Every structure is written in structure tokens, then in C-alpha cells.
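These numbers were taken from a predicted model, which means no experiment stands behind them. Naming: A, B, ... by sequence-line order, numbering from 1 per chain.
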2 protein chains.
Amino acid sequence: MPRRTATDPRSPTRGTASLSRERLLSAAIDLADHDGIESISMRKLGQQLGFDPMSLYNHVRNKEDLLDAMADAVVGEIEPSLGDADWKMSMRDTVLSARQTLLRHPWAPSVIESRRAPGPATMRYFDGATGILRRGGFSVALVHHALHVLGSRILGFTQDLFDDATDRPDPEAAAKLADSLAAAYPNLAELARTASHEGGLGGCDDDLEFDFALDLILDGLERLKYG
Amino acid sequence: MPRRTATDPRSPTRGTASLSRERLLSAAIDLADHDGIESISMRKLGQQLGFDPMSLYNHVRNKEDLLDAMADAVVGEIEPSLGDADWKMSMRDTVLSARQTLLRHPWAPSVIESRRAPGPATMRYFDGATGILRRGGFSVALVHHALHVLGSRILGFTQDLFDDATDRPDPEAAAKLADSLAAAYPNLAELARTASHEGGLGGCDDDLEFDFALDLILDGLERLKYG
DNA sequence: ACCTGAACACCGTTCAAGT
DNA sequence: ACCTGAACACCGTTCAAGT
């Protein structure tokens, strides 16, 4: 690849002469948002930015370091809930706000889950969530349990086990397949049949399911608080 | 790599002349169990088995196909609970049995979560879980909700967000670090202080936390059943 | 201080050739 | 039918060399 200067029209994304960690980070997040996480490579990122891939190593220790920073940046985008409501409302608002943020970055859940240690924004987020519960009257021990029960849901996501969006270009073939599966998996067949009446299995409303689960858990925690 | 025959002493794992999907699968699971999932490559697997890496493609469509098979094989190892108890006990036993199985394959959670579609054993497992709830008196709609609330926990795992096992070779340095973190994250500091009295943060008992969360969810579902 | 390019040690996979 | 090896198109990263 030939040398390119800051004013070279072939490198539209090279805005200033020198790279920075911030610019690298936001370019990486943009690329992941648009093309998916599997398209994040040091080489492609370098190309995107108009720098030699090896230049990136001046601003980031290695790819893991970059992924750490990406994950933490996304958590840092979450808008904290205004803290004057009761703990349950605050927690609910916080988690749903996290969910809104994460939906803008579909790659983030798997990257967040694969991190070995939380970054500062993530620490701050958990500190905030812990504070909400403590101020709401939870014992330290119960807060600890609560964080484990909520798991990744506290950051607004659940890693869906598999796309139950059974893509059906051909409804007739799908029905045939469904019949044959029904014999092997009668209980799942019943589930699918009912769900599809309500607008398609997989058309199962993720937002609604998330809310349902969150409320069940928060209600359970509230009950334990008075247990 | 030189040609090796079935009797070549340099290829100890080559037991019979020809490869099979089963042998490939169990070799892959063994390798992942011992060396971790990141050490699973078509090339290493071929070497391990004493075959040219390209031979694997006669038994497996590609690496994703292999990972699909690995995930489904692990779910197939789960021993189903004997079904005569009440739904809550059956569900609890099933999930805890799943957990025991998954603990033998630490790589499995992330592989299972990254699958796009469930294999037959996984379908069977979910069909069984669905059956337990239906026979326990849950409506189809509530079963659907229940599966979403349980999420990956139904398969016996939760993807821990990060190792809260703060490795501390030097307790003095750790204490110093803790002090400085306490200023920035007071609520987490309180949590850590308390947990470490009970035998170390991260020394937080995962089994106990899993049980706690599972019971909270099952209790919540039971309550909704009568709601 | 930051950027560059060659080089190294890996990947997954296709394809033509062997047996 | 199954196995092989060369080849292709990728990776992340080190290191010496440039400016």
C-alpha cells in the first residue's frame, strides 16, 4: 500500500495527520456497528483509517486491549437513571436504558462477555447499580446475590441461546418441516404452534420477554428483602 | 508432514485406518477439555489424529459444523431427571444435572451460545424441559416466558461477566489497590470488603449463587402459575 | 514519538491429484 | 470413498528501519 498523506483524497477517514487512541476506538466501534464484530481486524482497521496496520500498535497494546476499550466505551454510553425514585424503579430504568444502548451495538454483548476484567466505565456502572440497591435497603449479602441473579441482564442483554427466528421464505415447506419435527419434539411443536398464531415464533417479542424476566427477578428480590 | 500409516508408531492416536465423524468429534471435545477452545483448529486436530488436516473435511462440512456437533454432543451428555417428581423438583434436578455436565466442559458455554441453531440433542433437551413445565400445569404462554427467564441457566450455566476472582499473589499490594479503588467505587468496595471476609471475593461460591438464582426464578414462576 | 514494511507463525478452505 | 499436499486468502504480532 502506498504512503498516503493527511490530504490524500484516497484516505477520506484520515482527518488529521496522526492517529489517536480515541480515533482508533471510535473507528472500531463504527466498523463493528456497520459490518459486525467478525470484520474487526487490525489490518482492516488500519486500512479503514488510512494507516499502516502496524501503526495501531502505537495506541493499543494488542487486539484484546482494543476489544476491552470497545466494551468499556459502550457501557460508558449508558445513561444512568436519575436517582430519586425508589430502588425498583431506578433499577428498572437503569437496566432498560442499558438495553437501549446495547441495541445500538449488537456486537457488544459477546464482546462484553468475553472480557476478563471490567474497565473503569463498567466498574462505575456496577458501582451505581450496587448503590441503588444499598440505598434501597438491601443488605450487602443480598446485593451480592442480586448481581448474580441479574447476571448480564443488569447490562441490558441476554445472550439468546439460538435464533428462534426460524426464517421461513416458503411457508408451505416450513409447515411440512414443522410436521416432521412435531413427531420428535411434541412439546416444542405445541409451543411453536401457539407462538406462531401470535405473529410468528421468533416473532416472539424480545422487548416483552426482557421486561417480563426483569420484573420477575426484581419482584423476587423485593420479596427477599422483606424475607 | 510425511505419510503415516495406521501402524506408524508416531501416530499414537490413529487407532484405525480411517477417520470417522465420531472419532473426530470426541477428539475435538477431548482437546477442548484439556487445552481450551482456543486451541481447537482444523490443523491441530488433524495433527492430533494423525491425519492430514484436509481429511477432516470428509467428515465435517467446516469448522462451524464441527462446533455445532461439539455443542450438541455436550448437551446430549446431560442426564435427564427421572420424571415422577413435581415440576419444580424435576426442573431443579434437570438444571443442576446440566450444570454438572457443563462443568466438565468449561469451553461449552461460549460455544453453545455462539451456535445459530440447536442440534437434535439440544432440541430434545428443550422439549423435555418444556414437557416438565406443561405437565406441571403451566400454560403454553407461561412456558414460553419461563424459557426466556431461565435463558442459558436452563442448560446449567451463566456466562459470568468477568472473573471476580481478583488474583492476588501479593495481599499487601492488593490491599493498597483496594484502597485506591475504594475512593472511586465506594459501593463495590463495600461489597468486596464483606465478600473477602467470607473467604475472598471471587471466592464467592458459584454453586451457591447458581442455586440461589435458580430458586428465585423457579419460585417466581410458581407464583405466576397461580397468579 | 510515531509510522512503515518485511517477516514470522499461524488460521480456514478449495481444488486437483492421488490411492 | 477417502486421503493428501499445494495453494489462496486471510489473521495477529515482532522487529528493525525510517521520519
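Atoms CD (Glu64(A)) and P (dG12(D)) sit 11 Å apart, rounded to a whole Å. Atom CZ in Arg23(A) sits about 9 Å away from atom P in dC3(C), given to the nearest Å. Rounding to whole angstrom units, CD of residue Gln47(B) and P of dG5(D) are separated by 13 Å. Between Arg43(B) atom CZ and dT13(C) atom P the separation is 11 Å, expressed in whole Å. Rounded to whole Å, the distance from CD1 on Ile37(B) to C1' on dC11(C) is 15 Å. Atoms CG (Asp52(B)) and P (dC2(D)) sit 16 Å apart, rounded to a whole Å. In this structure, Leu66(B) atom CG and dG12(C) atom P are separated by 10 Å, rounded to whole Å. The separation between Leu45(A) atom CG and dC11(D) atom C1' is 14 Å, rounded to whole Å.
Remark: Lys44(B) is not in phosphate contact with dC10(C), judged by side-chain N or O atoms under 4.0 Å from OP1 or OP2. Taking 4.0 angstrom as the limit, Asn58(A) places a side-chain polar atom (N or O) nearer than this to OP1 or OP2 of dC3(C). Between dT4(C) and Ser55(A), a contact under 4.0 Å exists linking OP1 or OP2 to a side-chain N or O.
Pairing for dG5(D) is with dC15(C), a Watson-Crick or G-U wobble pair whose two hydrogen-bonding atom distances lie under 3.5 Å. Using N1 to N3 plus N6-O4 or O6-N4 for Watson-Crick, or N1-O2 and O6-N3 for G-U wobble, each under 3.5 Å, dC10(D) pairs with nothing.
Distances were taken from every side-chain heavy atom of Lys63(B) (C-beta onward) to each of dT13(D), dT4(C), dG12(C); the shortest belongs to dG12(C).
Residue pairs meeting the salt bridge (Lys or Arg N to Asp or Glu O under 4.0 Å) criterion with at least one partner in residues 55-66 of chain B, sequence neighbours excluded, are Arg21(B)-Asp65(B), Glu64(B)-Arg115(B). Every pair passing salt bridge (Lys or Arg N to Asp or Glu O under 4.0 Å) that includes a residue from residues 93-106 of chain B is listed here, sequence neighbours excluded: Glu77(B)-Arg104(B), Arg99(B)-Asp207(B).
Toward the 5' end of DNA chain D, the nearer of the two residues Ser41(A) and His59(B), judged by each one's closest nucleotide, is His59(B).
Distance check on atom C1': dC10(C) versus dC8(D) gives 15 Å, rounded to whole Å.
The shortest non-hydrogen separation linking Ala108(B) to Leu102(B) is CB-CD1, 3.9 Å.
Considering only heavy atoms from C-beta on, Leu155(A) comes within 4.5 Å of Ile78(A) through its side chain.
Counting non-hydrogen atoms under 4.0 angstrom, Met54(A) reaches a base of the nucleic acid.
Going from atom CZ of Arg43(A) over to atom CE of Met54(A) covers 5.5 Å, rounded to the nearest 0.5 Å.
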